[in-house]
Structure formats: C-alpha cells, structure tokens
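Written below as structure tokens is the structure these notes are about.
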Number of protein chains: 2
Amino acid sequence: MGRRSLKATRQQEIIVAFYKLAKKEGLENTSIAKIAKAMDVNPSLIIHYFQTKEELIYALIDFILDKYTPIFHVPNKASKTPKTILMEVIDNLFSKKWNTLFDDSLFYGCYALSFRENKIKARYKALLDGLRSKLAELIEDCISDGSLATDNALEAADLIFIILDGAYFYMSLVKDPKLLNEKLSLYKQKALTVLYNHTEIPA
Amino acid sequence: MGRRSLKATRQQEIIVAFYKLAKKEGLENTSIAKIAKAMDVNPSLIIHYFQTKEELIYALIDFILDKYTPIFHVPNKASKTPKTILMEVIDNLFSKKWNTLFDDSLFYGCYALSFRENKIKARYKALLDGLRSKLAELIEDCISDGSLATDNALEAADLIFIILDGAYFYMSLVKDPKLLNEKLSLYKQKALTVLYNHTEIPA
DNA sequence: ATTTTGATTGAACGTTCATTCAATTAAAAT
DNA sequence: ATTTTAATTGAATGAACGTTCAATCAAAAT
C-alpha cells in the first residue's frame with residue numbers, strides 16, 4: 001500500500017545533476033541549492049534523499065569512480081589472443097578516449113578530499129588496486145600463453161599504472177594537442193618496456 | 001615620511017597562517033575569518049593586504065610551489081662527480097624527506113583548482129617544467145662527463161618525473177610504512193632504468 | 001471514498017562567508 | 001607639537017550556505 005518509492009531513480013538523477021554542475025563550475029562551487037535549481041526542484045528534496053551533503057559527496061565519488069571499470073572492455077574478446085587483448089587495453093589506457101570519458105578536474109578534486117576523509121581514501125585505493133589487478137590478470141594470461149616472459153605480473157601492472165597516472169598528472173597541464181600526442185606515445189612506449197623487464201643498471 | 005610599511009612581512013605572516021590552517025583543516029574549510037582568528041587579528045586586515053580571497057590563494061600557491069626547488073640541493077657539490085650529484089638528487093626525489101617537507105593534500109587541492117584557473121595551471125606547469133629542466137641539466141653533465149650515455153637528457157628527466165609523480169599519486173593512498181618503503185625503492189629502480197635506455201620491444 | 005505512504009514544497013533557522021567603510025591607533029618626518 | 005602615512009580595528013553588509021520541520025500533494029491499496 002501507499003505510494004511507490006522513487007528513491008533509487010531520484011538519487012541517481014540528483015547525482016547526475018551534481019556531477020554535471022561540479023564538472024562545469026567546480027566541486028567547491030557546487031551547493032545543494034544550485035543542484036536543486038538546476039533540477040528545478042526544492043533544495044530540501046535533495047536533503048530528503050541524502051541526509052547530509054557529506055553523503056551526497058560520497059555518492060558522487062562512487063559515481064565518478066565507477067566510470068573507470070569499462071576501460072578494460074575489448075570487443076570480440078573471444079576471438080583474440082591474450083597478447084592482442086593486453087595491447088588493446090594498454091592502447092585504451094594511453095588514449096584520449098580515457099581522457100574525455102572522465103573529468104580530470106573532478107577526479108583530482110575528490111582525490112584531494114581523500115586526505116581528510118578516510119572513507120574516500122579507501123574508495124580511491126580500491127579503484128586503483130582493482131585496475132592494477134585486472135591488468136595483472138591480462139599479463140598473467142600472456143605469461144601462461146608464452147607470449148610474455150614478464151617476471152611479476154602485478155608488479156608490472158603497478159608500474160604501468162604509475163607511468164599512466166604520472167603521465168596524466170603532467171598532461172593535464174599541457175595545452176598543445178600535438179605535443180600531447182607526442183608525449184602520450186612516448187609514455188606508452190615506456191610503459192610497454194615494463195613488460196620486458198631485463199634492463200640492467202651498471203654498478 | 002609617515003609610518004614604515006609592513007606590507008611584505010605581514011603578507012608573509014598571513015600566508016604562513018593560511019598554509020598552516022589549510023594543512024590542518026583542508027583548503028575548502030579555511031576562511032579569511034579563520035585565518036584572522038588564528039593570527040588574533042581582524043579579518044579586514046587580511047583583505048587590506050590581499051584585496052580578494054582569490055589573490056590570497058594565488059599567494060598561497062606560490063608559497064607552496066616555491067618549496068619544491070631546494071630538493072635539488074646537494075651538500076659539498078664542488079667535491080663530487082656529476083654522477084654522484086645526479087644519484088643523490090634522485091635519492092632525494094624518491095625519499096620520504098620530500099614527502100614530509102610538503103603537504104600532499106594542499107598540493108593536490110591546489111592542483112585541482114588549476115583546472116578552473118589558468119593562472120594556477122600556468123604556475124604548476126612552470127614548476128613541473130622547471131624541475132624537469134634542472135634534472136635534465138644534471139643528466140647532461142653526466143653525458144658530457146662520459147658517465148652516462150643517455151640519448152635525450154630532457155626526455156629522460158621527464159620520464160623520471162612521470163614515474164615520480166605517478167608514484168606519489170599512488171603512495172598517498174598507502175598507509176603501511178613498510179609497504180611504502182618497498183614500493184618507493186621499486187619505483188626508484190625503475191626510474192633509474194630510464195637513464196640506460198636501450199630496452200628494445202620485440203615486434 | 002478513505003486510508004496509507006512517500007514525494008515534494010515552502011518557509012524559516014542560525015551560521016558563515018567575503019567584502020565595505022569609516023574610525024581609531026601608532027610610528028615616522030617636519 | 002603637528003603633520004603625514006600606514007596599520008589596525010570594529011561594525012555592518014548582503015548573500016549563500018546546509019539543514020529543519022510542518023504542510024501539502026499524488027499515487028497506490030483497502
């Protein structure tokens with residue numbers, strides 16, 4: 001009896017509106033009142049679905065971070081060799097697709113919050129570790145397959161993401177698209193060397 | 001005639017108070033009123049020296065970023081070989097000294113602002129490029145010296161900082177100090193391989 | 001038709017915010 | 001001493017903030 005609950009859908013709508021606003025005007029300039037205005041709805045409705053702004057931000061972060069998983073999607077996976085799949089994924093990682101799908105400003109803005117909120121820190125850690133272990137699996141497949149002789153799959157995956165994260169950190173500051181492409185392919189190449197780890201450092 | 005100006009010193013005091021507060025409570029939770037209270041001074045005094053909060057934030061960012069240059073300091077430089085100097089600097093970069101000197105929360109918090117303020121973005125870019133070119137100089141010295149055969153000093157310096165920045169991005173989320181040390185030395189080792197760039201990627 | 005339940009509104013709360021402006025105080029110079 | 005200049009205060013501004021609560025509205029079930 002009684003009215004059907006719209007909780008899940010309304011919450012989603014609110015988060016999407018929050019995301020869009022924060023993307024355009026910055027996380028620190030986005031208030032509950034502004035979100036409500038953008039949705040043409042009363043501010044107290046937002047508080048009704050998320051009790052506090054804190055909860056709303058947690059939800060936003062989940063929304064943002066959940067966007068990162070599909071980066072591992074490879075079409076026609078079944079018909080491809082492990083090596084091909086791995087190379088396609090690495091191509092995806094070091095491509096502008098990745099860059100346009102997500103908003104770096106929000107990603108780093110929320111990352112900065114993680115220093116003050118352990119819940120947020122844990123969420124980011126889980127994302128980064130999840131990405132690493134997924135990439136490690138693909139490398140493992142190549143090792144089993146004999147197409148790679150990498151020592152330590154997880155370590156290699158970690159190093160590749162270290163390079164990737166460092167690369168995007170710097171590239172967010174670079175404007176010239178031509179230079180950006182050059183940089184990106186250099187970084188990708190360097191990341192690939194991680195898979196062939198026989199470099200010796202002279203004493 | 002008239003009273004001596006305290007502008008420079010007062011401004012510095014204000015920025016230091018701002019820095020301390022923002023470090024403890026977060027950039028987004030630090031207001032002019034709070035800074036004034038911490039200094040036991042009237043809020044309007046702060047506005048008197050910095051006309052707007054925007055100006056105050058610019059000054060804070062300069063203050064923060066200026067802290068990064070001394071990382072290149074090496075004692076008794078004159079009596080050391082270029083190779084020794086380079087290795088000491090790289091040791092410094094991949095050490096916790098670097099990590100404790102600066103506040104990552106503020107560094108990333110201000111970095112996030114750079115997406116909305118070109119002035120800030122330019123400041124960060126200048127810092128990162130400055131660090132790279134200084135490291136490149138040290139590498140150049142080793143090449144002239146014959147102690148290194150690196151192809152491209154600036155490219156190598158860039159890659160080392162890519163690894164460094166990616167490393168700190170990830171390590172800010174890691175709590176276990178033992179794991180942190182292991183990671184750090186692995187990343188340093190990988191950064192060093194950049195100086196010996198002969199790794200070939202099989203077709 | 002009435003009851004039940006949840007969606008949504010609207011008004012109000014006290015706080016904090018950045019900023020303004022005039023008034024006051026303190027140190028130099030004449 | 002008086003003038004000049006700058007430091008500093010104190011009161012006030014309006015706007016925005018997150019949150020509260022009671023009131024109303026709309027859809028299901030009886």
Side-chain angles (χ1 to χ4, degrees), chain A residues 1-22 24-61 106 109-110 112-113 116-117 119-120, chain B residues 1-61 63 106 109-110 112-113 116-117 119-120:
Chain A
M1 59 177 77
R3 201 169 168 172
R4 227 191 336 258
S5 171
L6 296 178
K7 193 170 183 180
T9 47
R10 271 280 169 284
Q11 283 185 325
Q12 189 67 7
E13 285 174 14
I14 292 168
I15 292 165
V16 170
F18 187 10
Y19 175 78
K20 284 182 184 170
L21 250 178
K24 213 206 311 176
E25 307 193 3
L27 191 60
E28 70 281 6
N29 299 319
T30 306
S31 64
I32 291 178
K34 284 180 185 171
I35 301 169
K37 192 169 199 174
M39 296 179 71
D40 197 27
V41 123
N42 199 282
S44 52
L45 189 65
I46 294 176
I47 287 287
H48 175 246
Y49 285 113
F50 302 89
Q51 289 82 334
T52 64
K53 194 184 186 188
E54 210 183 12
E55 292 297 324
L56 186 58
I57 288 180
Y58 289 150
L60 177 72
I61 289 173
L106 273 180
C110 294
L113 295 182
R116 212 139 284 100
E117 307 250 17
K119 228 181 197 172
I120 300 177
Chain B
M1 57 178 77
R3 201 170 168 172
R4 225 191 338 255
S5 172
L6 297 178
K7 193 170 184 180
T9 49
R10 272 278 169 283
Q11 283 185 325
Q12 188 69 6
E13 284 174 14
I14 292 168
I15 292 166
V16 169
F18 187 10
Y19 175 77
K20 285 182 182 170
L21 251 177
K23 186 173 170 173
K24 212 203 316 171
E25 308 193 2
L27 190 61
E28 70 281 7
N29 299 319
T30 306
S31 63
I32 290 178
K34 285 180 184 171
I35 301 169
K37 192 168 201 176
M39 296 179 71
D40 198 27
V41 122
N42 200 283
S44 53
L45 188 65
I46 295 176
I47 287 286
H48 175 247
Y49 285 113
F50 302 88
Q51 289 83 332
T52 66
K53 195 184 185 188
E54 208 183 14
E55 292 297 325
L56 187 57
I57 288 181
Y58 289 150
L60 177 72
I61 289 174
F63 178 76
L106 273 179
C110 294
L113 294 182
R116 212 139 285 100
E117 307 251 16
K119 229 182 198 172
I120 300 178

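No hydrogens, no waters, no symmetry mates; every other heavy atom, side chains included, goes into these values. By convention in this document, chain letters (A, B, ...) are assigned in the order of the sequence lines, proteins followed by strands, and residues within each chain are numbered from 1.
Nucleotide dC25(D) holds its P atom 17 Å from the NE2 atom of H48(A), rounded to whole Å. Per the geometry, NZ belonging to K37(A) stands 17 Å off C1' belonging to dT9(C), to the nearest Å. One can place CG of N42(A) at 14 Å from P of dC17(D), the figure rounded to the nearest angstrom. Distance R3(B) CZ to dA26(C) C1': 4 Å, rounded to the nearest Å. As rounded to whole Å, 9 Å separates atom P of dA18(C) from atom CG of L56(B). Rounded to an integer number of Å, the gap from F18(B) CZ to dC17(C) P is 12 Å. For the pair E28(B) CD and dG18(D) P, the computed distance is 13 Å after rounding to whole Å. If you measure from atom CD1 of I57(A) to atom P of dG18(D), you get 9 Å, rounded to the nearest angstrom.
The minimum heavy-atom distance between I15(A) and A59(A), with the atom names listed, is CD1-CB, 3.5 Å. Taking every heavy atom of both residues into account, A36(B) and I46(B) meet most closely at N-CD1, 3.6 Å.
Close to dA28(C), at under 4.0 Å from its OP1 or OP2, lies a side-chain N or O of R4(B). Listed pair R10(A) / dT8(C) meets the phosphate criterion, a side-chain N or O lying under 4.0 Å from OP1 or OP2. The shortest distance between the side-chain N/O atoms of Y49(A) and the OP1/OP2 oxygens of dA7(C) is below 4.0 Å. Checking the phosphate oxygens (OP1, OP2) of dA16(D), no side-chain nitrogen or oxygen of S31(A) falls inside 4.0 Å.
Remark: side-chain polar atoms of Q11(B) are paired, donor with acceptor, to backbone N or O of Y49(B) under 3.5 angstrom.
Of the inter-residue distances, the one linking I57(B) atom CD1 with E117(B) atom CD reads 7.5 Å to the nearest 0.5 angstrom.
In the set dT20(C), dT19(C), dC21(D), dT20(C) carries the atom at the smallest distance from any side-chain atom of S44(B). Distance from the side chain of L45(A) is smallest for dT8(C) among the nucleotides dT8(C), dT19(D), dT8(D). Side chain of P43(A), nearest nucleotide from dT20(C), dA7(C), dT19(D): dT19(D). Here the side chain of I32(B) is nearest to one of dT8(D), dA18(C), dT20(D), namely dA18(C). Closest to the side chain of T52(A), from the set dT19(D), dG18(D), dT8(D), is dT19(D).
The nearest heavy atom of DNA chain D to K7(B) and to G2(B) marks one nucleotide each, and the one closer to the 5' end goes with G2(B).
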Next on the checklist: Evaluate V16(B) against E13(B) for side-chain contact (heavy atoms from CB on, under 4.5 Å), listing each step before the verdict.
Outcome noted: CA-CA 5 Å; V16(B) 169; E13(B) 284 174 14; 5.8 Å; no

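No contact: F50(A) has no heavy atom under 4.0 Å from any strand. Backbone-only contact: L6(A) has heavy atoms under 4.0 Å from sugar-phosphate atoms and none from a base.
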